[in-house]
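Reviewing the structure listed below.
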Amino acid sequence: MSSSYTYDIELYHHNLTGTTKRICIAIYNPNASSATITVYAKTTGYSNTDQSSELDLTAPLQRDYQMGIGATTLSLSGYSYAFLVYVDTPTAKLVNEKVKIKSSLSNVKVRIFHGPTSATAQQVFSYSRDSASGSSTTTGFFQNDGLSNSTLIDASSYQSFVLSEWRPGLNQNEYENGPDVLGSSQLGGNYGMVYTITITNPGGKRIKITPNWSATGNNYARIVLWTSTNGWYTTTKISPNNYWIMATGAGTTFTFKYVLPGGNFGNFKFEIID
């Protein structure tokens, strides 16, 4: 870690090992001086692995994270180790953990890992790096945890657009390539990424948000949104062939934020309607 940056750390993992595993984010301070770790948000939990249960975990977790739930300060003395967050996750469960931190010192190390429930934070840093489970999953470091539309969307002439387009084809620069990754070099869907979208000439229209119901296995959807009127919130669970409606207001512009929690499918269509 560099003391110049803030880091958004997220893990989303299915425990299919047959045993309870400690699935964690650990931290180590190799400096002689104490490091102050500012935790801006920290959320975690586990659920059953059917899509309905997963979305009921991940969507509120992402909302709470954006609201700064779990904020605290950690003092990490020189040459010491600690858990930022961990969950002893039973087999056949999904675990989702998300933390935003900044260190007062550079060179502090962070690891995401799984191990036995007896594992200590110090032991984590003796483990070798895991292997990729396939090209459809991603473990890696990415430069950004948010993006916005570089060209404003004019509601009077541009009637629809897609976010979390996967695989990318229409949108430009929606995905970055991470260095030194396991699995895919791109985070498909941009799960957990904050999209900030500004629309001009909204004229009191509405936005119809439709999940990708053509995707095999997509039985539900649930996303996280922000508007200046409502703040951060999560939609209720959207069932097949249904959609979510969001008002734009009567201002000259309308800005909203959108986050795709794990368990969803990408390719959400946003249509500007009366």
Side-chain angles (χ1 to χ4, degrees), residues 1-13 15 17 19-46 57-58 60-90 93-131 138-146 176 178-183 187 191-194 232 259 261-262:
M1 294 175 59
S2 166
S3 60
S4 300
Y5 297 101
T6 300
Y7 294 84
D8 174 351
I9 307 166
E10 181 172 1
L11 70 85
Y12 175 94
H13 183 72
N15 179 15
T17 64
T19 62
T20 299
K21 301 284 284 186
R22 179 159 292 179
I23 301 177
C24 322
I25 302 171
I27 190 165
Y28 167 50
N29 177 17
N31 301 291
S33 302
S34 293
T36 298
I37 309 300
T38 302
V39 180
Y40 296 100
K42 180 173 68 173
T43 55
T44 186
Y46 68 80
L57 166 71
T58 62
L61 185 149
Q62 290 284 351
R63 175 203 60 202
D64 291 351
Y65 173 85
Q66 299 301 334
M67 294 172 63
I69 299 298
T72 188
T73 301
L74 172 66
S75 180
L76 194 62
S77 59
Y79 311 116
S80 66
Y81 303 80
F83 288 126
L84 278 173
V85 62
Y86 76 86
V87 177
D88 288 340
T89 307
K93 301 293 184 182
L94 163 85
V95 62
N96 193 192
E97 300 177 359
K98 194 167 174 69
V99 182
K100 179 175 284 189
I101 61 172
K102 186 173 184 178
S103 173
S104 64
L105 298 179
S106 293
N107 302 318
V108 171
K109 311 296 183 184
V110 175
R111 279 197 172 181
I112 299 173
F113 80 101
H114 61 88
T117 55
S118 60
T120 67
Q122 183 172 354
Q123 287 172 332
V124 168
F125 285 86
S126 68
Y127 293 168
S128 59
R129 192 179 189 189
D130 212 338
S131 57
T138 299
T139 297
F141 178 80
F142 297 89
Q143 293 291 327
N144 302 288
D145 64 357
E176 65 174 280
D180 194 25
V181 298
L182 295 175
L187 177 62
Y191 291 97
M193 181 81 71
V194 178
W232 285 104
V259 179

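For the pair His114/Leu11, no side-chain contact is recorded, criterion being any heavy-atom separation below 4.5 Å from C-beta on. With contacts defined as side-chain heavy-atom distances shorter than 4.5 Å, the pair Val95/Lys21 does not qualify. Counting heavy atoms from C-beta outward, Asn96 and Glu10 have side chains that approach closer than 4.5 Å. Considering only heavy atoms from C-beta on, Asn144 stays 4.5 Å or farther from Phe142 through its side chain.
Residues Leu84 and Lys42 approach most closely at O-CD, 3.2 Å, considering heavy atoms. Closest of all the heavy-atom pairs between Phe113 and Ala119 is CE1-CB, 4.3 Å. Residue Leu74 comes nearest to Ala82 through the heavy atom pair CD2-CB, 4.4 Å, listed as atom of the first residue, atom of the second, then distance. Heavy atoms only, all atoms of each residue included: Pro90 and Thr20 are closest at CA-OG1, 3.6 Å. Between Tyr79 and Pro30, the shortest heavy-atom distance links the atoms CE2-O, 3.2 Å. The shortest heavy-atom contact between Val108 and Ala35 is CG2-CB, 4.1 Å.
A donor-acceptor pair under 3.5 Å links the side-chain atoms of Glu176 to the main chain of Gln143, judged by distance alone. Gln66 places no side-chain N or O within 3.5 Å of a backbone atom of Trp232 that could act as its donor or acceptor partner. A donor-acceptor pair is defined here as one N or O able to donate and one able to accept, closer than 3.5 Å; such a pair exists between the side chain of Thr58 and the backbone of Gly262. When atom types are taken as modelled, the side chain of Asn29 and the backbone of Asn31 share a donor-acceptor pair closer than 3.5 angstrom. Here the side chain of Asn15 pairs no donor or acceptor atom with the backbone of Lys93 at under 3.5 angstrom. The backbone N or O of Pro116 lies less than 3.5 Å from no partner atom in the side chain of Ser118, so there is not a single donor-acceptor pair.
Here the OH-CG distance, from Tyr46 to Leu57, works out to 11.0 Å after rounding to the nearest 0.5 Å. Atoms CD1 and CD, from Ile9 and Glu97 in turn, are 10.5 Å apart once rounded to the nearest 0.5 Å. Here the SG atom belonging to Cys24 is positioned 7.0 Å from the CG atom belonging to Asp88, to the nearest 0.5 angstrom. Here the CD1-CD1 distance, from Ile27 to Ile101, works out to 4.5 Å after rounding to the nearest 0.5 Å. Atom-to-atom distance recorded for Ser4:OG and Lys102:NZ is 7.0 Å, nearest 0.5 angstrom. Note that CD1 of Ile37 is 5.5 Å distant from CG of Leu76, once rounded to the nearest 0.5 Å.
Residues Ser106 and Ser3 bring a donor and an acceptor atom of their side chains to less than 3.5 Å of each other.
Within a 6.0 Å radius of OH in Tyr127, more than 12 heavy atoms belonging to other residues, nucleotides or ligands are found.
Under the 30°/60° scheme for interplanar angles, the aromatic rings of Tyr28 and Tyr81 are found to lie parallel. In this structure, Tyr86 and Phe83 have tilted ring planes: the angle between them lies in the 30° to 60° band.
A salt bridge does not link Lys98 to Asp145: none of the charged side-chain nitrogens sits closer than 4.0 Å to a carboxylate oxygen.
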